[in-house]
Amino acid sequence: MKSPKRNFLFLEAASFKPLAIFRIGIAAILLAQVQVLWRYRDLLMDEFGPVPWVLSDRLLDPLLPRLSYVTAWLAPYGVSSGAVVTAFLAMHTIAVVLLAAGYRTRIAAIAAWATYLPLRYAGHLYFYGIGGMLLIGLFYCMFLPVGREWSLDSRREIERAKDGNEALDASLSVAVLRIHMCIVYLAAGISKSVGDQWWSGDAIWRALSLPRFQQFDLSQISAFPLVLQAATVGAVLVQVAYPVLVWTPLRAVIVLFAELLHVAIAVLLGLWLFSAVMIVLNVAAFGESLWKAFQRWTHAAPPQPLPGPS
Amino acid sequence: MRRRLFAAAAAIHLVIAALFSTHVRIEDFIPAAIERPLQIYGGYTGAATRFNFFAPAVPTQPRVQFILALRDGSTRTVDLLTPNGEANQRLANMFGLYELVELRPVLLRTWAVFALTHHPEAQAVEVHVDLLDIPTIAQARNGKAATWVEAGRMTVRRDEIS
């Protein structure tokens, strides 16, 4: 007999839909990323780009996969590094499309991961935080049952469990995502909390001042230091509180604040793909739970009318 | 049994992810014999990802410009900005490498070679790197504006790279 607390942690997810959202969301963001990498591959992926592979490879462990290895193997056959980049981008695209569709999902996830790794490490200096988050997503797609809902596989029942105890698999898988999200937010919150800029308001002021993030002219916002300070302190508090409050009845509130934080990052700093990854991860981890809470709230029995005068 | 194995593997994976998650360099506190396998494992799985986005401080941003010297004696200034915001984010991330002082001479030359390769009309290029000096909120309220401060320049002639 499992305790209610353990049930709350591991047995709450009732379906594989959160994992389907996870799979489709990660695949959609990977496709958006591939479109950018393909269009600007001369700048972001090329062997002789602004930072050539011969230099960027030195910053990597030799045991990590890289396109320079493949290029070296294929060079005797007259295959150029540009052709290798193009081939890997094409293979990655096909694998991600199959992953999104949920066709032979596990094989597609492995292929997407195997092609993503050398692409990522070929251009590792160009991948900001999104590179690691997408790798985390692809890694989980290989092991979690992400293809059991909203997939071509589910129609063919290829990956459906035979033992009839699917709820536990879904719950355990979603629990892994939840714990990983707690690690992400706790680390981000702690790392910010040790910096003075995050208590004075200067962190957001500086981010808004950097040309790489400027979406609007917000230079006049320095006239409102309390607003900037509230925003930075609020961001730290949301991230530090997240790993605690998601296990309490305040789950909906803290996840909503976290999602609003990512929407603000997308709109104000232009980090659309990164914000999309974080929103997808939150929806996969806690979306079903929040949806159930919303349904309970909207279907709650209406309050009893007060007795009228007799 | 399968679920127990999955749970145990997931727990180990999450512990590794937690170890590498903050701005603290955990690799400085564990033996190299353990650290390297963990780093490699993290490199394949994402478990060695740090989540110190914008933390503990928001760094400045380098601006890289290329002043091309053309055959007719004129000059033209170009940069690597694209019409795509996501591509520009990634380029800015790469240019951020300039904050590592020991890499600066190599980066200046590498960027110069890239510019000469992509602009065959140029006889020479001067790479010009500035860092944005951002005032604090208090300084900005007193009228101080953000200014670009030169952080390096290098001129490379085409005959030096051929």
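The analysis underlying the following values was restricted to heavy atoms, covering all of them including side chains, and did not include hydrogens, waters or symmetry mates. Below, chains carry the letters A, B, ... as their sequence lines are ordered, and counting in each starts from 1.
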Less than 4.5 Å apart, side chain to side chain, heavy atoms only: is that true for B:Thr136 and A:Trp205?
no
Pick one of side chain, backbone, both or neither for [X], based on which atoms fall under 4.5 Å of a heavy atom in chain A.
X        : answer
B:Leu14  : both
B:Phe20  : neither
B:Thr49  : side chain
B:Ile137 : both
B:Leu81  : neither
B:Pro83  : both
B:Val106 : side chain
B:Phe114 : side chain
B:Thr60  : both
B:Asn52  : both
B:Ala92  : both

Distance in Å, B:Gln65 CD paired with B:Thr77 OG1, rounded so as to fall on 0.5 Å steps:
6.0 Å
How many angstroms lie between atom CG of A:Leu281 and atom NE2 of A:His180, to the nearest 0.5 angstrom?
9.0 Å
Given B:Asp79, B:Asp133, B:Asp130, the one that forms salt bridge (Lys or Arg N to Asp or Glu O under 4.0 Å) with B:Arg63:
B:Asp130
Heavy-atom count check: over 12 atoms from other residues, nucleotides or ligands less than 6.0 Å from A:Asp196 CG?
no
Just by distance, with hydrogens left out, do A:Tyr185 and A:Asn282 show a side-chain donor and acceptor under 3.5 Å apart?
yes
Any donor-acceptor pair under 3.5 Å from B:Tyr98 side chain to B:Ala151 backbone
yes
